[in-house]
Asks: 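Okay, here's the structure, questions in a sec.
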Amino acid sequence: MRKRIFTVIYYLLPIIASAQISFKTDILSKQELTRQELSVQLPTHLDSLADDPYQRVKLCAIGGNMVFQQMTPSETFPYQTMNLSANVLHLRPLRSRWSWLIALGLGTYTPENRLSSIAIAENVIANGALLFIWHHSKRLQIGAGTLVNTLFGYPMAFPTAFIDYKGEKWSAWAKGNFLEGGKAAVGYRFNEFFELNLLADASIYAAFLRREDKKAVFFTQHTIVGLQPNFHIGKYLHIPFVVGADLSRMGVYKERNFSTFFTQSFPQAPKQHFSPSFYFSVGVVVR
């Protein structure tokens with residue numbers, strides 16, 4: 001069966017109708033920041049619809065994502081960030097042009113790159129997502145729905161959406177959610193071995209911690225633009241890398257309190273602002 005890619009808004013990862021393992025390393029020149037990310041998806045059930053013009057599938061899968069970030073040590077900001085997540089998801093067709101996706105999982109967002117820093121009451125939250133996907137054709141799909149998490153200690157719903165187009169040569173996609181920001185790309189496939197994308201990345205990385213004895217979160221957000229060559233080696237191996245610029249990077253403390261989270265930063269807390277810097281990323285994808 002031809003592989004179909006569906007975008008998971010749950011962790012900004014693609015859902016693919018096959019097992020997938022991916023690893024990448026990011027390098028930013030400012031503060032010698034490095035970041036490693038490992039993602040795994042394992043389908044447990046897959047069933048394609050016979051003669052479906054939109055090539056929809058029924059899919060159950062389990063997945064996980066690990067991000068480790070480190071930069072020059074600082075006394076006022078976390079210099080390490082560890083984001084771990086695990087989820088189960090179910091995708092199935094709904095009526096003639098629609099599909100729906102439901103996902104449930106857990107995530108931990110710590111200010112240290114070690115497992116002993118995980119504390120259920122401090123930096124572990126539950127996540128869920130419900131997304132409805134409209135299939136315009138087998139090449140274009142649009143999805144929107146809600147992301148639910150316990151960032152404030154109780155369930156809160158936030159919007160999430162994506163669009164995905166895959167032509168014979170051209171492709172384009174954009175996706176985003178509240179907790180992890182968004183990404184977008186436009187690409188051209190030159191042949192079966194090589195494609196080139198223009199990538200924009202506004203991802204957010206979080207660290208849950210205590211500040212002045214209050215529950216707080218430290219957000220790091222990038223604004224990355226770059227070219228992403230992607231080399232296809234054989235049927236299963238892909239090697240993408242990105243060369244570009246981090247146009248803006250900022251870090252800010254927020255209190256985990258609904259009444260102030262969206263209107264102000266943590267009182268009297270320092271903020272980080274970085275000027276544009278060089279960005280490089282290299283990865284390996286096996287699917």
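In this chain, numbering begins with 1 at the start of the sequence shown. Being a predicted model, the structure only gives us computed values, none of them experimental.
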Asks: Can Leu237 and Val284 be said to form a side-chain contact (heavy atoms from CB on, under 4.5 Å), step by step?
Replies: CA-CA 7 Å; Leu237 181 63; Val284 176; 3.5 Å; yes
Asks: Please examine the side chains of Gln141 and Phe162, heavy atoms only from C-beta on, and report whether any two atoms are closer than 4.5 Å.
Replies: yes
Asks: Sequence neighbours left out, what passes salt bridge (charged side-chain N to carboxylate O under 4.0 Å, His left out) with Arg95? Give chain and number order.
Replies: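 Arg95: no salt bridge (charged side-chain N to carboxylate O under 4.0 Å, His left out) contacts found.
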Asks: Does Ile120 have more than 12 heavy atoms from other residues, nucleotides or ligands lying within 6.0 Å of its CD1?
Replies: no
Asks: Which label fits Phe280 and Phe278: parallel for a plane angle under 30°, tilted from 30 to 60°, or perpendicular past 60°?
Replies: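 Rings of Phe280 and Phe278: parallel, under 30°.
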Asks: Do Leu209 and Tyr109 sit in the same hydrophobic cluster, where Ile, Leu, Val, Met, Phe, Trp and Tyr count as joined when their side-chain heavy atoms come under 4.5 Å apart?
Replies: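 The answer is no; the residues belong to distinct hydrophobic clusters.
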Asks: If we only count heavy atoms from C-beta on, is the Met156 to Phe258 side-chain gap below 4.5 Å?
Replies: yes
Asks: Tell me yes or no: between the side chains of Ser248 and His222, is some donor less than 3.5 Å from an acceptor?
Replies: no
Asks: Kindly give the heavy-atom pair with the smallest separation between Ala157 and Thr146, and that separation in Å.
Replies: CB-OG1, 3.3 Å
Asks: Looking only at non-hydrogen atoms, find the nearest pair between Pro240 and Gln228 and report the distance.
Replies: CB-NE2, 4.0 Å
Asks: Measuring from atom CG of Leu101 to atom NE2 of His90, what distance do you get when rounded to the nearest 0.5 angstrom?
Replies: 9.0 Å
Asks: Restricting to pairs with a member in residues 272-284, which pass side-chain hydrogen bond (donor to acceptor under 3.5 Å, both in side chains), not counting sequence neighbours?
Replies: Asp26-Tyr279, Asp26-Ser281, Lys30-Ser275
Asks: Roughly how far apart are Phe266 CZ and Asn257 CG, rounded to 0.5 Å?
Replies: 10.0 Å
Asks: To the nearest 0.5 Å, how far apart are CG in Asn65 and CG in Asn83?
Replies: 8.5 Å
Asks: For Phe231, look at atom CZ and say whether over 12 heavy atoms of other residues, nucleotides or ligands are found less than 6.0 Å away.
Replies: yes
Asks: Under a 4.0 Å threshold between the charged nitrogen and the carboxylate oxygen, would Glu122 count as salt-bridged to Arg210?
Replies: yes
Asks: Crowded around Tyr79 OH? As in, over 12 foreign heavy atoms under 6.0 Å?
Replies: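 No, because the 6.0 Å sphere around OH of Tyr79 holds 12 heavy atoms or fewer from other groups.
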Asks: What is the minimum heavy-atom distance between Ser265 and Val252, and which atoms define it?
Replies: OG-CG2, 3.2 Å
Asks: Side-chain contact test, heavy atoms from C-beta onward, threshold under 4.5 Å: evaluate it for Ile21 versus Leu38 and give yes or no.
Replies: yes
Asks: Give a yes or no on whether the backbone of Val57 and the side-chain of Ser48 come within a donor-acceptor separation of less than 3.5 Å.
Replies: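 No.
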Asks: Salt bridge check: are Arg189 and Glu168 linked by an N-O gap of less than 4.0 Å?
Replies: no
Asks: If we ignore angles and hydrogens, is there a donor and acceptor under 3.5 Å between the side chains of Gln70 and Gln80?
Replies: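 Note: Gln70 and Gln80 side chains meet the donor-acceptor criterion.
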Asks: Evaluate the side-chain contact (heavy atoms from CB on, under 4.5 Å) criterion for residues Val285 and Gln20: first the C-alpha distance (whole Å), next the side-chain angles of each, then the deciding distance (0.1 Å), finally the verdict.
Replies: CA-CA 7 Å; Val285 180; Gln20 172 174 296; 3.9 Å; yes
Asks: Taking salt bridge (charged side-chain N to carboxylate O under 4.0 Å, His left out) as the definition, give me every residue that meets it alongside Glu212, ordered by chain and number, with sequence neighbours left out.
Replies: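 So Glu212 forms no salt bridge (charged side-chain N to carboxylate O under 4.0 Å, His left out) with any residue.
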Asks: Tell me yes or no: between the side chains of Arg114 and Ser116, is some donor less than 3.5 Å from an acceptor?
Replies: yes
Asks: Let me confirm one number: the CD1-CG distance from Ile224 to Leu28, rounded to the nearest 0.5 Å.
Replies: 5.5 Å
Asks: Hey, are the side chains of Val242 and Asp201 touching, using non-hydrogen atoms and a 4.5 Å cut-off?
Replies: no
Asks: If you count the non-hydrogen atoms of other residues, nucleotides and ligands that lie under 6.0 Å from NZ in Lys271, is the total more than 12?
Replies: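 No, the 6.0 Å shell around NZ holds no more than 12 heavy atoms from other groups.
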Asks: Answer yes or no for Arg35 and Tyr205: cation-pi contact, defined as NZ/CZ to six-membered ring centre under 6.0 Å and angle to ring axis within 45°.
Replies: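 Judged by the rule, Arg35 and Tyr205 form a cation-pi pair.
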Asks: So does Leu199 get a backbone contact from the side chain of Asn197, meaning a donor-acceptor N/O pair under 3.5 Å?
Replies: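 Checking the backbone N and O of Leu199 against the side chain of Asn197, no donor-acceptor pair under 3.5 Å is found.
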Asks: Contact between Ser99 and His135 at the side-chain level, heavy atoms closer than 4.5 Å - yes or no?
Replies: yes
Asks: To the nearest 0.5 Å, how far apart are NZ in Lys214 and OG1 in Thr260?
Replies: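 Rounded to the nearest 0.5 Å, the NZ-OG1 separation comes to 8.0 Å.
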Asks: Please determine whether side-chain contact (heavy atoms from CB on, under 4.5 Å) holds for the pair Leu151 and Phe208, giving the CA-CA distance in whole Å, both sets of side-chain angles, and the decisive distance to 0.1 Å.
Replies: CA-CA 9 Å; Leu151 173 64; Phe208 292 2; 3.4 Å; yes
Asks: Testing the basics here: between Ala216 and Arg256, what is the closest heavy-atom pair and its distance to 0.1 Å?
Replies: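 The answer is O-CD, 3.7 Å.
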Asks: Given side chain to side chain donor-acceptor pair (under 3.5 Å), test Thr110 with Asn123 step by step and report yes or no.
Replies: CA-CA 6 Å; Thr110 74; Asn123 49 43; 5.6 Å; no
Asks: State which residues pass ring-ring contact (aromatic ring centres under 6.0 Å, His included) with Phe190; sequence neighbours excluded, sorted by chain then number.
Replies: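 For Phe190, the residues satisfying ring-ring contact (aromatic ring centres under 6.0 Å, His included) (neighbours in sequence not counted) are Tyr188, Phe194.
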Asks: Can you name the closest pair of heavy atoms from Leu131 and Gly145 and give their distance?
Replies: CD1-N, 3.4 Å
Asks: Same cluster or not: Val124 versus Val67, using hydrophobic residues (I, L, V, M, F, W, Y) connected whenever any side-chain heavy atoms lie under 4.5 Å apart?
Replies: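 Hydrophobic grouping puts Val124 apart from Val67.
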Asks: Can you say whether the rings of Phe261 and Phe219 are parallel (under 30°), tilted (30 to 60°) or perpendicular (over 60°)?
Replies: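 Plane angle over 60°, so perpendicular.
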Asks: Decide yes or no for Lys58 and Leu49: does some side-chain heavy atom of the first lie under 4.5 Å from some side-chain heavy atom of the second?
Replies: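 Yes. Closest side-chain heavy atoms under 4.5 Å.
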Asks: Let me check something: do Phe193 and Leu196 share a hydrophobic cluster, defined by ILVMFWY side-chain heavy atoms less than 4.5 Å apart, either directly or through other members?
Replies: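 Unlinked, Phe193 and Leu196 end up in two clusters.
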Asks: Mind running side-chain contact (heavy atoms from CB on, under 4.5 Å) on Arg97 and Tyr54 for me, showing each step along the way?
Replies: CA-CA 8 Å; Arg97 280 180 174 262; Tyr54 310 112; 3.2 Å; yes
Asks: Write down the atom of Leu42, the atom of Ala19, and the distance for their closest heavy-atom approach.
Replies: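 Scanning both residues, the minimum pair turns out to be CD2-CB, 4.0 Å.
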Asks: Rounded to the nearest 0.5 Å, what separation is found between the CG atom of Leu89 and the CD1 atom of Ile62?
Replies: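 With rounding to 0.5 Å, CG (Leu89) is 9.5 Å from CD1 (Ile62).
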Asks: Please list, chain by chain and in numerical order, all residues satisfying ring-ring contact (aromatic ring centres under 6.0 Å, His included) with Phe218, sequence neighbours excluded.
Replies: Phe77, Tyr253
Asks: Report whether Ile163 and Trp134 are members of the same hydrophobic cluster (ILVMFWY, side-chain heavy atoms less than 4.5 Å apart, transitive linking).
Replies: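 Shared cluster, yes.
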Asks: Quick check: do Leu198 and Leu227 have side-chain heavy atoms less than 4.5 Å from each other?
Replies: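 They are in side-chain contact.
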Asks: Does atom NZ of Lys24 have more than 12 heavy-atom neighbours from other groups under 6.0 Å away?
Replies: yes
Asks: Under 3.5 Å, is there a donor-acceptor pair linking the side chains of Glu195 and His232?
Replies: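 Note: Glu195 and His232 side chains meet the donor-acceptor criterion.
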Asks: Got a sec, which residues hit salt bridge (charged side-chain N to carboxylate O under 4.0 Å, His left out) with Arg92, two or more places apart in sequence or on another chain?
Replies: none
Asks: Examine the side chains of Tyr236 and Arg287 and answer whether a donor and an acceptor come within less than 3.5 Å of each other.
Replies: no
Asks: Can you tell if the side chain of Glu32 reaches within under 4.5 Å of the side chain of Ile27, non-hydrogen atoms only?
Replies: no
